[in-house]
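Okay, structure first, notes after.
Naming convention: chains lettered A, B, ... in sequence-line order (proteins, then strands); numbering from 1 in each chain.
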There are 2 protein chains.
Amino acid sequence: MKLNKKVKEMEGAEQKIIAAARRIFQRKGMAGARMEEIANEAGINKALLHYYFRSKEKLFQVVMTEAKMQMLGRLHPILGSEASLFEKIEKFVESYISFISLNPFLPGFILHEINRHPEEMVKMMLSNDKRPNLNKFFLQVESEIRKKNIIAIQPEQLFINMLSMCVFPFVARPLLQGVMNVSDKKFSLMIEARKKEIPKFIINAIKR
Amino acid sequence: MKLNKKVKEMEGAEQKIIAAARRIFQRKGMAGARMEEIANEAGINKALLHYYFRSKEKLFQVVMTEAKMQMLGRLHPILGSEASLFEKIEKFVESYISFISLNPFLPGFILHEINRHPEEMVKMMLSNDKRPNLNKFFLQVESEIRKKNIIAIQPEQLFINMLSMCVFPFVARPLLQGVMNVSDKKFSLMIEARKKEIPKFIINAIKR
DNA sequence: TCATGGTTTAACCAAATGGTTAATTGTGCA
DNA sequence: TGCACAATTAACCATTTGGTTAAACCATGA
């Protein structure tokens, strides 16, 4: 092995391929992506893709696994923490939107592929190492309800609402901009503002 | 022309094709759909697809145009009506969720394809006949804010929140069910409940 | 009844596409 | 220096896929 070949360049090809595959797969989906396109994007020959990753499916799995880990891995650390409910909501929204802002095509990619093969995808997603645990969060919501700190709401509904408001704007960005007639710039500002607006909105909605 | 051949069967083939194309395109997207698959689904020969619709692209446009009209056409009638703001929110959520419940793959389909060709899709979407007009709704929100009936909120943010909570659960259904460990049955019930829960949630959030 | 023209199909075609192969290049080590 | 082996590529292959064609089918109206 050529471990001495400057390490950064050592995995240069492999990393370049994954980065390229990420970009292409995320924008076009598994079915819409072309192996040659990924090769070009990575600045290498098509055969080299198959040298590193045996098939399109394999390469796709790498990108998808990574994507799911990033999207789901962020749930537990925050929602399972010891923070208060309101703090948790603030932290979660802020952190989730920040992350997606850096990977705006990630949610759409995952959602599309999951709809294409729901069974396998979800199975793979859950079995795969640590399934995000929302129990702590759910129990906390119920506890706050009992203590009359917030109104009665199904914890699952609250979670869906929170996630919806964080993720949907990215999935529907071009549509929303079109319908509301909003420039790229303004939309980005609105996204930024949502980091504070959504928690305010949610807390208002459930606070007694 | 054989206008005498029982009219219902007259457009039988064409309608069967569109229905089949709808199902396939909505689940797999333009790139993932196969013309032969659509033909089979419609119970006809592949060549007949090209007889009625010249190309995959043409057939896709038919399905997509119809889809966009259904999704966007519902915005204006309700949000542009004369109802009060709270009534409007209740009506909109109820009606939108009801509609999507009947076409659960529609939103994911549109969103995926729009991300694939943002420019053209949005252009086509807006130029195409009547662009949904949210002005009335936005003005109404601002008016209610001035009257101190609701808290200060950017109308666009309110709109995004409302739409997110309505649509996202459908786009992310398998994922949400997996993460929250919820059965099909229970999830459907939760969706049904959201018709009332979302308006309550929103109104709580903005009411003074 | 049979000619006409819309409808439907089987067979076919060319381009695209995922994947393979064999040869070439490059690099570290003995 | 040159060998062994990893990295890289051009050329190639088989299959899939959107699309075409020519023939068959079938309802209608003269």
Side-chain angles (χ1 to χ4, degrees), chain A residues 1-64 109 112-113 116-117 120, chain B residues 1-64 109 112-113 116-117 120:
Chain A
M1 281 179 265
K2 322 182 191 159
L3 282 179
N4 295 343
K5 196 180 170 185
K6 285 168 288 178
V7 174
K8 32 184 167 178
E9 280 181 26
M10 186 53 195
E11 285 151 22
E14 192 156 343
Q15 283 312 110
K16 273 196 301 182
I17 291 174
I18 293 185
R22 218 172 359 230
R23 286 191 290 271
I24 302 293
F25 276 137
Q26 285 187 12
R27 279 174 179 70
K28 314 208 165 178
M30 164 74 162
R34 299 298 111 173
M35 288 300 263
E36 188 150 22
E37 201 181 357
I38 295 176
N40 291 344
E41 177 91 7
I44 57 161
N45 186 286
K46 180 168 72 102
L48 203 57
L49 287 188
H50 291 87
Y51 177 76
Y52 282 102
F53 308 85
R54 287 236 302 252
S55 65
K56 188 184 185 182
E57 181 63 32
K58 287 274 203 323
L59 182 52
F60 172 76
Q61 290 300 343
V62 170
V63 173
M64 173 54 82
F109 169 60
H112 172 66
E113 296 300 336
R116 196 145 156 50
H117 329 275
E120 308 124 48
Chain B
M1 281 178 265
K2 324 186 191 157
L3 281 177
N4 295 342
K5 196 182 171 183
K6 285 169 291 178
V7 175
K8 32 185 168 179
E9 280 181 26
M10 185 55 194
E11 286 152 20
E14 193 157 342
Q15 282 313 111
K16 274 195 303 185
I17 291 174
I18 294 185
R22 216 170 4 229
R23 286 192 290 271
I24 303 292
F25 276 137
Q26 284 186 14
R27 279 173 179 72
K28 314 207 166 179
M30 164 72 162
R34 298 299 104 152
M35 288 300 263
E36 188 150 21
E37 199 182 358
I38 295 176
N40 291 344
E41 177 92 7
I44 58 161
N45 186 286
K46 178 168 71 106
L48 204 56
L49 288 188
H50 290 88
Y51 176 75
Y52 282 102
F53 308 86
R54 289 236 300 251
S55 65
K56 189 184 186 184
E57 181 64 32
K58 286 274 201 330
L59 182 53
F60 172 77
Q61 290 300 342
V62 170
V63 173
M64 174 53 83
F109 169 60
H112 173 65
E113 296 300 337
R116 196 145 155 49
H117 328 277
E120 308 124 47

Non-hydrogen side-chain atoms of B:Tyr52 and B:Lys58 separated by less than 4.5 Å: no
Nearest-Å distance for atom pair CG/P, residues A:Asn45 and C:dT20: 14 Å
Any N/O donor-acceptor pair, B:Lys56 side-chain to D:dG19 base, under 3.5 Å: no
Side chains of B:Arg34 and B:Lys28 in contact at under 4.5 Å (non-hydrogen atoms): no
Whole angstrom value for the distance that separates C1' of C:dT7 from CD of B:Glu14: 12 Å
Strand contacts (DNA chain C) in residues 25-42 of chain A, 4.0 angstrom heavy-atom criterion: A:Ala33, A:Arg34, A:Met35
Length of the NZ-C1' vector between B:Lys16 and C:dT7, whole Å: 12 Å
Interatomic distance, B:Lys46 atom NZ to B:Ile38 atom CD1 [nearest 0.5 angstrom]: 11.5 Å
Interatomic distance, A:Ile17 CD1 vs D:dT8 P [rounded to whole Å]: 8 Å
B:Gly43 or B:Lys46, whichever maps to the more 5' nucleotide of DNA chain C: B:Gly43
d(CZ, A:Phe53; P, D:dA7) in whole Å: 12 Å
Min side-chain heavy-atom separation A:Tyr51-A:Asn45 under 4.5 Å: no
4.5 Å side-chain heavy-atom contact, B:Met30 and B:His112: no
Candidate nucleotides C:dA10, D:dT9, D:dA7, ranked by approach to the side chain of A:Tyr51 - the nearest: D:dA7
Whole-Å gap separating P (C:dA16) and CD (B:Glu57): 16 Å
Rounded distance (Å) that lies between atom P of D:dC25 and atom CG of B:Leu48: 16 Å
A:Phe25 side chain reached by A:Glu113 side chain, heavy atoms, under 4.5 Å: no
Residue B:Tyr52, side-chain atoms from C-beta onward, closest of D:dT8, C:dT8, C:dT9: C:dT8
Nearest-0.5 Å distance, CD of residue A:Gln15 to CZ of residue A:Arg22: 7.5 Å
Nucleotide D:dT21, atom P - distance to NE2 of B:His50 in whole Å: 12 Å
